[in-house]
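Presented below is the structure to which this report refers.
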Amino acid sequence: MSEATAIEARITGRVQGVSFRVWTQRQAQARGLTGWVRNEPDGTVRAWIEGPRDMVQGMLATLHEGPSVARVDRVDSSEAAPEGFEGFEIRR
């Protein structure tokens, strides 16, 4: 298993009102990742994702795709120190 890491990502495009948060939660849970996802007032989606480095990097690549009804224009991310979340939640 690879070293644990975390990323904070901001996803831009048509990402609200298209079940992006639920899709992100399912994708993260399928990979055994922890963290959260939420809608931002500016129309973007922000996510915090923690877990093994290779799984987090795979999730980051998946965020560029999004669910079929979304349109992802851009994903900005930065590495961070894991905070030790348990589970993956949708924040409101």
Side-chain angles (χ1 to χ4, degrees):
M1 188 180 265
S2 65
E3 176 186 344
T5 191
I7 60 165
E8 184 170 14
R10 180 175 170 261
I11 304 98
T12 305
R14 189 178 72 220
V15 293
Q16 290 191 13
V18 293
S19 299
F20 200 97
R21 292 176 300 159
V22 170
W23 175 87
T24 300
Q25 182 184 47
R26 288 181 182 151
Q27 294 292 318
Q29 289 173 333
R31 291 170 170 79
L33 300 170
T34 61
W36 51 264
V37 62
R38 72 175 180 227
N39 285 342
E40 295 292 327
D42 64 0
T44 63
V45 168
R46 186 169 303 271
W48 182 278
I49 301 164
E50 298 185 358
R53 184 173 300 279
D54 57 340
M55 298 301 277
V56 170
Q57 291 303 315
M59 181 67 191
L60 180 59
T62 300
L63 288 175
H64 284 84
E65 300 168 16
S68 60
V69 294
R71 186 193 75 245
V72 176
D73 294 335
R74 184 175 176 156
V75 178
D76 295 310
S77 66
S78 58
E79 279 201 46
E83 294 185 6
F85 286 98
E86 293 185 20
F88 196 95
E89 66 183 38
I90 295 173
R91 292 190 172 175
R92 310 234 183 262

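Note that these values count all heavy atoms, side chains included, but never hydrogens, waters or copies made by symmetry.
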Self-check item: Chi angles and distances behind the side chain to side chain contact (heavy atoms under 4.5 Å, CB included) call for Glu79, Arg53
Solution: CA-CA 10 Å; Glu79 279 201 46; Arg53 184 173 300 279; 3.0 Å; yes
Self-check item: Fellow cluster residues of Phe85, listed by chain then number, with links counted only when side-chain atoms sit under 4.5 Å apart
Solution: Trp36, Trp48
Practice problem: Using salt bridge (Lys or Arg N to Asp or Glu O under 4.0 Å) as the criterion, list what pairs up with Arg46, not counting sequence neighbours. | Solution: Glu8, Glu40
Quiz item: Looking at residues at least two apart in the chain, or sitting in another chain, which of them share a salt bridge (Lys or Arg N to Asp or Glu O under 4.0 Å) with Glu65?
Solution: none
Quiz prompt | Transitive ILVMFWY cluster of Val75, excluding itself - 4.5 Å side-chain cut-off | solution = Ile7, Ile11, Val15, Val18, Phe20, Val22, Trp23, Leu33, Val37, Val45, Ile49, Met55, Val56, Met59, Leu60, Leu63, Val69, Val72, Phe88, Ile90
Practice problem: Could you list the residues that satisfy side-chain contact (heavy atoms from CB on, under 4.5 Å) with Thr12, not counting sequence neighbours? | Solution: Arg10, Thr44, Arg74
Quiz prompt | Side-chain donor-acceptor pair present, Glu50, Thr5, cut-off under 3.5 Å | solution = no
Exercise. Scan for salt bridge (charged side-chain N to carboxylate O under 4.0 Å, His left out) pairs involving residues 13-33, sequence neighbours excluded, and state none if there are none.
Key: none
Exercise. Please round to the nearest 0.5 Å and tell me the distance separating atom CG of Asn39 and atom CD of Gln16.
Key: 3.5 Å
